[in-house]
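Proteins come first, then strands; the chains are lettered A, B, ... in the order of their sequence lines, and each starts at number 1.
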Number of protein chains: 2
Amino acid sequence: MENALPACKGRPREFCTDQALASALRVFWSKGYEGASMADLTEAMGITKPSLYAAFGNKEALFHKALDLYEAEKLAYIREALDQPTARGVAEHLLRGALKAMTSQWEPKGCLGVIHSVACGAEAESIKAEVVARRASSQAAIVGRFQRAVDEGDLPANIDPAGLANLIFAVLQGMGVQAGSGVPSEQLQSMVDAALALWPSR
Amino acid sequence: MENALPACKGRPREFCTDQALASALRVFWSKGYEGASMADLTEAMGITKPSLYAAFGNKEALFHKALDLYEAEKLAYIREALDQPTARGVAEHLLRGALKAMTSQWEPKGCLGVIHSVACGAEAESIKAEVVARRASSQAAIVGRFQRAVDEGDLPANIDPAGLANLIFAVLQGMGVQAGSGVPSEQLQSMVDAALALWPSR
DNA sequence: AAAATTCTATACCGAGCGTTATGGAAAATG
DNA sequence: CATTTTCCATAACGCTCGGTATAGAATTTT
C-alpha cells in the first residue's frame, strides 16, 4: 500500500512530498501542533487539504513524519555528541549543537521537542507523550555515556551521572524556551560559555 | 465602577472571587491559556459563564489576574533569592525554591511562565509577550545581583554575570519543562544538587 | 484514441470555541 | 411590602477547527 514504486498507474503527484513535509515541519516548529491549523499547513506546503490527507493521512500522522524528519536532520548533534571521546566533549557538542540548531537563520527559533513537552490542549496529549518518551531515551543514552566517563576516570568519581545528564538536558531545554521566546543568539552563546566554564574539569 | 464597597445595593455575589481566581490559576497552570477552555474554567471555579464574565471581564483579563496571583504567591522565592547574602545563596534559593514551587503535591507540576513562553496559537501572542517580559525583568534583577557579587569579590572576576544568570534561568526553565512533563521530583532534586555542585566556589 | 485512474479544487459537515443576549429567581434598599 | 438591582441558568450566536464528499481536470496504461 505504500508508494514503494513511483511507476504507478494514473496521474502522478504534482508536488514533492519531502519538500511539503519540510514545510510542514517548519510550521509545527514555529507554532506547535495545536497552534498549527490545517490552513496554516496547506498554505505553507503549497497544497490543498485533500492532497494533504491523501499524501499523509491526517494531521497527527503528518506531525509524526515531521517529527521523524526533525529528529533525523536537526537532532543529529545528539548522536554525534555520544561519540565524543571525553565527557566534556559530549557536553560541549550538545551545547554548541543545540545552540546552532535552535538559532538557525533559516529555520524557526527554538526546539520542536520543548514546544510539545509543555502541556497544552487534550488533543496533543499523545503527541506530548511521544515527544517526552523520545527525549527520555536520548537522556538515558547521555546518562550511560557519563557513567562510562566516571568509570573511566574521565569525570570525578563523586559526581552523579544521572544528575549531570539531567542538568545538561535542562540547560538545553531552557535554551529552547529562550530561543523560542526571542532571546538573541548572542545571549544564548554567553550562556553556553558560562555552562562550559563551570563544567567539572579533569 | 470597581467593587470598592461591598455594601452595595442588590443581591451580593454568591462565590468568593479570590477562591475562584485561585481555581482558574490551577487550570491555566496545568493546561495553558489556549488549552484551558471556558468550560474547564467554569467547572473548576464552580460558577457559570455569565458569572465569570461579570466578575473578571473575559478570558484574557482572567488570565492576567491569575498571572498576578501566581507571581505574588508562587514566585516569592525569586524576590527572596535576591536578598540572599552570597551569590551562591542566591543560586541555591532560586534552584530549591523553583523545585519546591514546581513539584508541589497540591498544585500542578511545572511552571506557568514556561508554559506560556513557548509558542502556540496566535490568540496567545500577547500573553506570551507579557510573560516573556516579566521573566526578562526578573532575569535582569539576577544579572544585577551577580554583577554586584563580582564587584564585591563574592564571585570570581573572570565570570560573566549575564551569562551566569542566563544559565541559571535556563536551568529553571528546563526544570519547568521536565516537571511539567512528568519527570519525578527526585530526579529534579538530583539535578539541583548537580547544579549546586558545579557552582563556582569561593 | 479510449479507458482507467488519480490528481486538484470547492464546498460542506459536525463539533467545539469564546462570547453574549434573554429570563426568571433572590436579596438588599426604600 | 414593593421596587430595584444583581445574581444565576439556559440557549443561542458567529466563528474556526479537523476532516471529507463531490466533481472536474489531467496523465497514465491498454
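Contact check of residues 19-32 of chain B against DNA chain C (heavy atom, cut-off under 4.0 Å) returns no residues at all.
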Give me, pair by pair, the N or O atoms of the protein and of nucleotides 24-26 of chain D that are less than 3.5 Å apart, along with how far apart they are.
{"residue": "dA26(D)", "atom": "O4'", "partner": "Arg11(A)", "partner atom": "NH1", "Å": "3.1"}

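Residues meeting the side chain to side chain contact (heavy atoms under 4.5 Å, CB included) test with Lys100(A), sequence neighbours left out: none. Under the side chain to side chain donor-acceptor pair (under 3.5 Å) criterion, Glu34(A) pairs with no residue, sequence neighbours left out. Every residue was checked against the salt bridge (Lys or Arg N to Asp or Glu O under 4.0 Å) condition with Glu186(A), not counting sequence neighbours, and none meets it. Residues meeting the salt bridge (Lys or Arg N to Asp or Glu O under 4.0 Å) test with Arg148(B), sequence neighbours left out: Glu152(B). Under the salt bridge (Lys or Arg N to Asp or Glu O under 4.0 Å) criterion, Asp40(A) pairs with Lys31(A), not counting sequence neighbours. Judged as a salt bridge (Lys or Arg N to Asp or Glu O under 4.0 Å), and not counting sequence neighbours, Glu43(B) has no contacts.
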Exercise. Heavy atoms under 4.0 Å is the rule here; annotate nucleotides 13-23 of chain D 5' to 3' with B where the base is hit, S where only the sugar-phosphate is, and - elsewhere.
Key: ----SSBBB--
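In this structure, Phe15(A) places its CZ atom 8 Å from P of dC7(C), rounding to the nearest Å. Residue Leu52(A) contributes atom CG, which lies 13 Å from atom P of dC7(C) at whole-angstrom precision. In this structure, CZ of Phe63(B) is placed 14 Å from P of dT19(C), rounded to the nearest angstrom. For Arg13(A) and dT6(C), the CZ to C1' distance is 10 Å, given to the nearest whole Å. We find that CD1 of Ile47(B) is positioned 11 Å from P of dC7(D), with the value rounded to whole Å.
Sorted by first then second residue, the side-chain hydrogen bond (donor to acceptor under 3.5 Å, both in side chains) pairs that include residues 158-171 of chain A, not counting sequence neighbours, are Gln139(A)-Asn166(A), Asn166(A)-Gln178(B). Counting only residues at least two apart or on different chains, the side-chain hydrogen bond (donor to acceptor under 3.5 Å, both in side chains) pairs with a member in residues 58-74 of chain B are Glu60(B)-Ser126(B), His64(B)-Glu130(B), Asp68(B)-Arg134(B), Glu71(B)-Arg134(B), Lys74(B)-Glu107(B). Residue pairs satisfying the ring-ring contact (aromatic ring centres under 6.0 Å, His included) criterion with at least one member in residues 76-125 of chain B, sequence neighbours excluded, are listed as follows: Phe63(B)-His116(B).
Atom NZ in Lys109(A) sits 6.5 Å away from atom OG in Ser104(A) (nearest 0.5 Å).
Taking only side-chain nitrogens and oxygens, Ser51(A) comes nearer than 4.0 Å to OP1 or OP2 of dT8(C).
Across all non-hydrogen atoms, the minimal contact from Val131(B) to Ser117(B) is CG1-OG, 3.8 Å.
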